[in-house]
Every structure is written in C-alpha cells, then in structure tokens.
Protein chains: 2
Amino acid sequence: MGYRENPRPGGRSARVQAAVHQSVRDMLSTMDRADVTIPLIAQRANVTPSTIYRRWGDLQELLADVAASRLQPDGAPAKIGSARDDLEAWVEQYADEMASGVGREMIRDVLSIADTTNAERCSGYTQHQLCVLIARAEEYGEAFPTLAELMDHVISPIMYRVLFDQAPSADYVRELIARAVPGDTSRT
Amino acid sequence: MGYRENPRPGGRSARVQAAVHQSVRDMLSTMDRADVTIPLIAQRANVTPSTIYRRWGDLQELLADVAASRLQPDGAPAKIGSARDDLEAWVEQYADEMASGVGREMIRDVLSIADTTNAERCSGYTQHQLCVLIARAEEYGEAFPTLAELMDHVISPIMYRVLFDQAPSADYVRELIARAVPGDTSRT
DNA sequence: GGACAAAAGCAAATAATTTGCGTTAGTGGA
DNA sequence: TCCACTAACGCAAATTATTTGCTTTTGTCC
C-alpha cells in the first residue's frame with residue numbers, strides 16, 4: 001500500500017497527477033493562494049480529496065511538488081555569442097524569474113517542507129544549466145568560473161536577496177558576474 | 001478591532017504572547033513538528049484557540065514569529081583577537097547553528113510565509129552582527145571586507161547550502177572567509 | 001481471461017478553523 | 001478614585017478540512 005515515486009506514464013495514476021498539478025497551477029494563477037484548499041483542488045481535478053491526502057499528505061507537500069516541477073527549465077540557455085554573454089543573459093533571466101512574485105512563491109513552497117528532495121531538485125536544475133555554459137566556454141576556449149564559483153558567488157547572493165531582502169537589480173547581477181569571471185574588467 | 005504590533009509590556013496581551021511563544025518552543029523541542037497544532041498550543045498556553053487564530057492567523061504565521069524571535073542573537077560576537085579571527089569564529093558558529101536541524105527548521109518557518117517582515121528581521125540581525133565586526137576592524141586598523149562583500153560572498157553561500165544543499169563544512173566556511181578578506185593568503 | 005496489487009472512490013468519524021456575541025482588563029480622563 | 005472606552009480574550013455553535021475503514025476500479029503480469 002505505498003505510492004510509486006514515478007507512476008507509469010499513461011496509467012491512471014499519472015493522469016490523476018497531471019490533473020491535480022494542472023488544477024493547482026490554474027488556481028494559483030486565478031485566485032489568492034490563501035483560498036487554495038485541497039477540497040477545491042480535488043473538485044477541479046475531478047478526484048476525491050482523500051486521493052490527494054493519501055498521495056501528497058498535505059497542501060504544502062503538494063504545492064512543493066508542483067513548484068519544483070514548474071522550476072524545471074524549458075531548455076538549454078540561449079546562445080547569444082560568447083559563453084560570457086550567454087551566462088550574463090541566462091543569469092539575468094534567472095534572477096528576474098526568481099524575484100518575480102510567482103517565482104518567490106514557488107521557491108518558498110519548495111523550501112517550506114522538511115523533505116529536501118524538491119529543494120535539491122531545483123538546485124540541480126540550476127547547476128545543470130551552468131554546466132552547459134561551462135562546457136560551452138571550454139569549447140570556445142574562454143576563461144570561465146568553475147561551477148562552485150558560480151554557485152557561491154553568483155547564484156547564492158541572488159537567492160539570498162530574493163529570499164531575505166528585496167529583489168536583486170540587473171546592475172547588481174551584472175556586477176556579480178563581472179566579479180566572478182576571471183580577468184574580466186571590461187564592464188561596470 | 002486590530003492587534004497592536006508591539007503590545008504594551010506587562011499587559012495581558014504581552015502575557016498571552018509570551019505564554020504562546022513559550023508553549024510553541026516547548027512543543028517543538030519535545031514532539032514531532034507535524035503533531036504541533038494550534039489547539040494543542042492553546043491548551044498548553046492556557047488560552048483559547050480562537051485567541052491564537054485571531055492574533056496570528058494560522059500555524060505557519062505563528063511558527064514564523066516564534067522562529068524569528070529565536071534567531072535573534074544573544075549578544076555581540078565574541079572577542080577572540082583580531083577582527084579577522086572574531087569574524088571566523090562568529091561565522092563558524094553561525095553556520096553551525098543554521099545548518100543544525102533546529103536552525104534549518106527555524107529558517108524554513110521564517111521563509112515559508114508570504115509576509116517578508118520576519119525574513120528581513122533575520123537578515124537584519126546578521127547584518128548588525130557583521131557591522132559590529134567591521135567597526136572593530138576599523139578600530140584595530142585591519143583591512144576588512146565591506147558589509148556587502150560579507151553578505152554576498154560569505155553569508156549567502158552558507159545560506160544557500162543550508163537551504164538547497166547539504167550543510168556547509170567548517171573548511172568550506174573558512175575558505176569563504178579567506179577569499180573575502182582582502183590580502184589574506186595566510187590560510188587554506 | 002483471471003489473479004493480483006496499486007491506487008481511487010465513498011462516507012462516516014474526527015479534528016481544525018471561523019465567527020458572532022458576551023466578558024474582562026488595561027488606559028486615560030474627569 | 002471612579003467611570004467610560006476599547007483592545008483583546010473566552011465561549012460555543014457553525015463550518016470546513018482531514019483522517020480512516022472499507023469497497024471498487026484499473027492496469028499489469030502470467
């Protein structure tokens with residue numbers, strides 16, 4: 001009597017999951033988050049509340065699951081020119097997305113539960129995107145920060161601001177990058 | 001018919017707040033957090049549940065309030081020797097505290113609500129402690145990072161790891177500091 | 001096709017939350 | 001000191017959410 005982590009695609013279980021996720025996304029975009037309840041989600045998804053309770057446990061777990069899914073990137077970072085430029089463009093949109101109202105809510109949802117699986121998922125997505133950029137730099141022969149340097153000195157300060165302070169400005173983001181990229185003195 | 005932000009000390013309202021906070025702290029230390037409910041907290045604090053609902057709204061808000069209070073530092077950072085050493089000692093204990101089970105729970109509580117007041121409070125506590133260290137460095141004539149540098153390149157990476165990854169090790173923390181302190185090449 | 005098990009539905013029981021209304025306890029003025 | 005005032009609390013009924021035992025459905029593997 002346990003629930004599979006990855007329901008077989010096309011099965012009933014997968015359909016229920018999709019319907020519930022969709023229902024949550026719809027409701028979060030049309031109504032106040034405080035009014036989103038499991039009975040309402042269940043009604044819109046055409047399932048019984050007990051199905052959701054048994055599968056996710058409570059509203060926070062469900063919201064964390066949905067948020068982690070939504071934080072998964074669509075594709076690889078855009079190719080602008082140099083790896084340096086690609087990095088700047090990608091980080092800027094990352095910062096914007098995270099600092100937006102929806103972005104902040106999703107991060108909070110992911111962090112608000114004790115289980116760290118979803119948080120690690122999100123951090124993994126970010127690191128994967130950065131690795132793609134690092135590989136490009138290597139291909140182009142550009143000097144580039146390591147993954148650890150990028151995580152510590154670019155991503156972390158952005159996330160700290162998003163979570164504890166106000167939104168990081170575009171100038172601030174560019175400055176972090178300029179400081180992290182080796183031998184970069186060309187800008188700001 | 002609104003609740004004052006800062007109840008007058010000694011009044012009934014202040015007594016209720018103290019009793020409820022104490023009750024929450026006791027319960028968090030003796031039982032599983034999933035079993036902590038408002039009716040139980042109310043019972044232990046000798047108040048009615050409706051009092052708590054009216055004053056805090058829901059469990060998350062109450063937990064966030066209690067957590068933010070507990071994250072307030074006891075006093076100024078210890079004086080070891082140089083400002084550099086004081087910084088290292090303080091940051092190490094900060095990282096340990098945040099990475100501990102209780103610390104992580106408190107941070108998550110603070111971040112899990114939409115209202116950012118409590119999160120800003122916590123960030124403010126940290127910045128205040130760092131300012132004390134900066135003032136010491138100035139007094140001693142030591143080269144020292146600015147507040148922004150410390151927040152971006154020492155505190156932020158630590159918090160990111162605590163929230164999204166695994167606990168930051170002592171070595172890792174020392175390395176962040178060594179990198180942030182100007183002209184420091186003496187260690188790791 | 002039939003046996004099996006995972007996951008969903010249903011409905012009753014329990015628990016949490018909201019709310020209207022009456023009461024209490026600090027506060028400030030005469 | 002007493003009185004009026006009001007923020008905040010208590011109480012209890014009404015509502016809503018959550019849990020749980022049992023039944024039914026659905027997909028999978030012989």
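Sequence lines set the chain letters: A, B, ... in the order given, protein chains first and strands last, and positions in each chain run from 1. Excluded from the calculations below are hydrogen atoms, water molecules and symmetry mates; all remaining heavy atoms, backbone and side chain alike, are included.
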How many Å lie between CZ on A:R55 and P on C:dG9, as a whole number? 11 Å

Between the side-chain atoms of B:S50 and the base atoms of D:dC9, is any donor-acceptor pair under 3.5 Å? no

By nearest-heavy-atom nucleotide on DNA chain C, the more 5' of B:P39 and A:V47 is A:V47

Check: D:dC9 base within 3.5 Å donor-acceptor of B:S13 side chain: no

Whole-Å gap separating P (C:dG26) and CZ (B:R12): 7 Å

Using only heavy-atom distances, decide whether a donor-acceptor pair under 3.5 angstrom links the side-chain of A:R54 to the base of D:dT19. no

Under the side-chain contact (heavy atoms from CB on, under 4.5 Å) rule, what do B:L130 and B:M151 come out as? Steps first, then yes or no, please. CA-CA 9 Å; B:L130 291 174; B:M151 291 304 292; 3.6 Å; yes

Within the pair B:T48 and D:dC9, is there a side-chain N or O less than 4.0 Å away from OP1 or OP2? no

Have a look at B:S69 and tell me which of B:Q17, B:H21, B:M106 forms a side chain to side chain contact (heavy atoms under 4.5 Å, CB included) with it. B:H21

Is the shortest side-chain heavy-atom distance between A:R121 and A:D65 below 4.5 Å? yes

Rounded off to whole Å, could you give me the CD1-to-P distance for the B:I52 and C:dT18 pair? 13 Å

Same apolar cluster (I L V M F W Y, side chains within < 4.5 Å links), A:I52/A:M31: yes

note: B:L40, atom CG; C:dA16, atom P; distance rounded to Å ~ 7 Å

Here the distance between atom C1' of D:dT25 and atom CZ of A:R15, to the nearest Å, is 11 Å

Atom CH2 of B:W56 to atom P of C:dA16: distance rounded to whole Å? 18 Å

B:L59 CG to C:dT18 P, in whole Å, measures 12 Å

Cation-pi check, B:R161 onto B:Y172 ring (under 6.0 Å, within 45° of axis): yes

Measure CD/A:E61 against P/D:dA17 and give the value in whole Å, please. 19 Å

Between C:dT18, C:dA8, D:dG10, which one does the side chain of B:Y53 approach most closely? C:dT18

